[in-house]
There are 2 protein chains.
Amino acid sequence: MGPRNAVPRDSRTRVFDAATHEFAERGYEAAGVDRIAASARVNKAMIYYHFGSKLDLYREVLRHMLRAVGERARAIADGPGPAELKLDLWIGTLIAEAAARPWFPPIMLRELASSAEHLDADTVALGNAVFIAVRDIIVQGQQEGTFRDVDPLLIHLTLMPAVLLFFARMRVLKRRPRGTGLLEPRAEEAFVRHMQDVARRMLRKD
Amino acid sequence: MGPRNAVPRDSRTRVFDAATHEFAERGYEAAGVDRIAASARVNKAMIYYHFGSKLDLYREVLRHMLRAVGERARAIADGPGPAELKLDLWIGTLIAEAAARPWFPPIMLRELASSAEHLDADTVALGNAVFIAVRDIIVQGQQEGTFRDVDPLLIHLTLMPAVLLFFARMRVLKRRPRGTGLLEPRAEEAFVRHMQDVARRMLRKD
DNA sequence: GTCTATAAATAGATAGAC
DNA sequence: GTCTATCTATTTATAGAC
């Protein structure tokens, strides 16, 4: 039912998706409302009709992204199993999320680089929720006695940036020819194993 | 000698310094030539006289930054001592560099987020030189038998992003009021110790 | 909901006098 | 080396017809 539900969808969704890609590719400032409209195959005025302003559109993209990641982190933290397993799961999930939605890392990196100047309080709260979930996992492991006593924030600030930059770098490598081979992209599965290994080594007692 | 060599200097240097801060604060696209001129207290035309274009100015800022970091990394790699000590030294140096020149992390993060689109081959080479030096340190440790056999690039891609984001995050925290205290900024010395600990744990044979 | 046309501001860049 | 004045293109955003 409904006429061919393959690609087009409604204009609001098309704008939202086009904006997501434009913001990821060029950043908030360099992104053009005209470019988004063209890419979404809608009239520019429709963007203002649906979203009000460029900034509101951007914030909606960001909230959508952070909410998705935050929910996955929350679900893992609240789920069953020992903390060691949850942390492995979180790392695998975060990397899978970044691989499936390649606009996530660049947008996050840019926002952090610009001191989160485009974020309102609600959006910041969504970002914090991700850390809260990760912290809960680490605290659980400390209570279970399997994790040593380290600052959960420092753990988070070691794992998350590595994932973001790993995928941002992939985009760089796609754009420019390489010489030596030293800097070739690494396989995603190898990266997952590496990050899980890093997490275990950071947290294990001895 | 010379008339009061405190703050002013020549107009070219003033433009260069003002541009560095403007690019760090707002990113390449959002940075304004007018704003740079005002901040440097020079006429806008002087910027084009000295640097040719906004892009050329930006690249000069980036090259200057990457060359400085690359030289420090190279000096450590080529210096005396065991690899374990050199790696500690590199981490301390990188963090000190980021703390002393707070424009370094945001500019790097933005450039990676935008797929290095503003970089020419020379500038990319300067960025690669940093990794080459770090790799040399790790290979030395592997030959000395103190480091286990892990991919140097994955090590680099774990340490470097954490440092960049740690300092980018500091700028965020300065901008907005906080509630919980959970996300308060961490002390720089504690961060150095943490990252050195992470490096050792990643590389030691267990 | 969708379009055209356009307002209003700002951007990067340059010409040319001094 | 330094200035004023300006060109040209592009930007976000809106008014108003349909």
Side-chain angles (χ1 to χ4, degrees), chain A residues 2-5 7-63 107 110-111 114 117-120 123, chain B residues 2-5 7-63 107 110-111 114 117-120 123:
Chain A
R4 202 74 57 76
N5 202 10
V7 180
R9 295 150 300 169
D10 59 312
S11 70
R12 194 181 199 279
T13 309
R14 287 210 310 280
V15 168
F16 185 86
D17 291 350
T20 303
H21 285 94
E22 173 77 358
F23 285 132
E25 201 66 41
R26 333 228 323 176
Y28 175 78
E29 327 281 351
V33 177
D34 286 293
R35 290 179 58 90
I36 294 172
S39 161
R41 299 189 318 282
V42 302
N43 189 282
K44 178 170 53 160
M46 289 303 296
I47 294 183
Y48 292 92
Y49 173 77
H50 281 305
F51 295 94
S53 75
K54 182 187 177 182
L55 183 57
D56 285 335
L57 170 56
Y58 177 72
R59 284 178 173 161
E60 196 142 325
V61 166
L62 242 143
R63 273 194 294 267
I107 290 183
R110 275 193 242 255
E111 206 47 51
S114 62
E117 66 177 335
H118 309 108
L119 274 54
D120 50 23
T123 317
Chain B
R4 201 73 57 76
N5 202 11
V7 179
R9 295 148 302 169
D10 59 311
S11 71
R12 194 181 199 278
T13 308
R14 288 210 308 280
V15 168
F16 185 86
D17 291 349
T20 303
H21 285 94
E22 172 77 358
F23 286 133
E25 200 67 41
R26 334 231 318 177
Y28 176 78
E29 327 280 351
V33 177
D34 287 293
R35 290 177 58 89
I36 294 172
S39 161
R41 298 188 320 280
V42 302
N43 190 283
K44 176 167 61 157
M46 288 304 294
I47 294 183
Y48 293 93
Y49 172 76
H50 281 306
F51 295 95
S53 75
K54 181 186 178 182
L55 183 58
D56 285 335
L57 170 56
Y58 178 71
R59 283 179 173 160
E60 196 142 323
V61 167
L62 242 143
R63 274 194 295 268
I107 291 183
R110 276 193 241 255
E111 205 47 50
S114 62
E117 66 176 335
H118 309 108
L119 274 54
D120 50 23
T123 317

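To find a chain, count down the sequence lines: A is the first, B the second, and so on, and within it residues start at 1. Given the structure is predicted, the values throughout are model-derived calculations rather than measurements.
- Residues satisfying the salt bridge (charged side-chain N to carboxylate O under 4.0 Å, His left out) criterion with A/D56, sequence neighbours excluded, are absent altogether.
- Checked against salt bridge (charged side-chain N to carboxylate O under 4.0 Å, His left out), B/E29 has no partners two or more places apart in sequence or in another chain.
- For residues 15-36 of chain A, the pairs satisfying ring-ring contact (aromatic ring centres under 6.0 Å, His included) are A/F16-A/H64, A/H21-A/W103, A/F23-A/Y28, A/F23-A/Y58, A/Y28-A/Y58, A/Y28-A/H118, with sequence neighbours left out.
- Every residue two or more places apart in sequence or in another chain that forms a side chain to side chain contact (heavy atoms under 4.5 Å, CB included) with A/A40 is listed here: A/R14, A/V15, A/A18, A/V42.
- Rounded to 10 degrees, the angle separating the terminal helix axes of the helix from C/dG1-D/dC18 to C/dC18-D/dG1, each built from five base pairs, is 0°.
- Rounded to whole angstrom, the span from the OH atom of A/Y48 across to the C1' atom of C/dT6 amounts to 14 Å.
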Return a table of donor-acceptor pairs under 3.5 angstrom between the side chains of residues 43-51 of chain B and protein atoms on other chains or two or more places apart.
from: B/N43; atom 1: OD1; to: B/A45; atom 2: N; distance (Å): 2.9
from: B/K44; atom 1: NZ; to: B/D34; atom 2: OD1; distance (Å): 3.4
from: B/H50; atom 1: NE2; to: B/S11; atom 2: OG; distance (Å): 3.0

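- We find that CD1 of B/I36 is positioned 17 Å from P of C/dT10, with the value rounded to whole Å.
- Of the inter-residue distances, the one linking A/R110 atom CZ with B/E111 atom CD reads 9.0 Å to the nearest 0.5 angstrom.
- Minimum heavy-atom separation, B/R12 to B/E60: NH2-OE2, 3.1 Å.
- Among residues two or more places apart in sequence or in another chain, the side chain to side chain contact (heavy atoms under 4.5 Å, CB included) test is passed with A/R26 by A/E22, A/A30, A/R35.
- Rounded to whole angstrom, the span from the NZ atom of B/K44 across to the P atom of C/dT10 amounts to 13 Å.
- Taking atom CE on B/M46 and atom C1' on C/dG12, their separation rounds to 17 Å, with Å as the unit.
- Taking a heavy-atom distance under 4.0 Å as the criterion, the stretch of DNA chain D touched by chain A extends 5' to 3' from D/dT12 to D/dT14.
- Both B/A45 and B/K54 lie close to DNA chain C; mapped to their nearest nucleotides by heavy-atom distance, the more 5′-ward contact belongs to B/K54.
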Test A/I36 against A/L57 for side chain to side chain contact (heavy atoms under 4.5 Å, CB included), laying out the working first.
-> CA-CA 11 Å; A/I36 294 172; A/L57 170 56; 4.3 Å; yes

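- Contact check of residues 21-35 of chain A against DNA chain D (heavy atom, cut-off under 4.0 Å) returns A/A31, A/G32, A/V33, A/D34.
- Not counting sequence neighbours, the partners of B/T123 by the side-chain hydrogen bond (donor to acceptor under 3.5 Å, both in side chains) test are B/D120.
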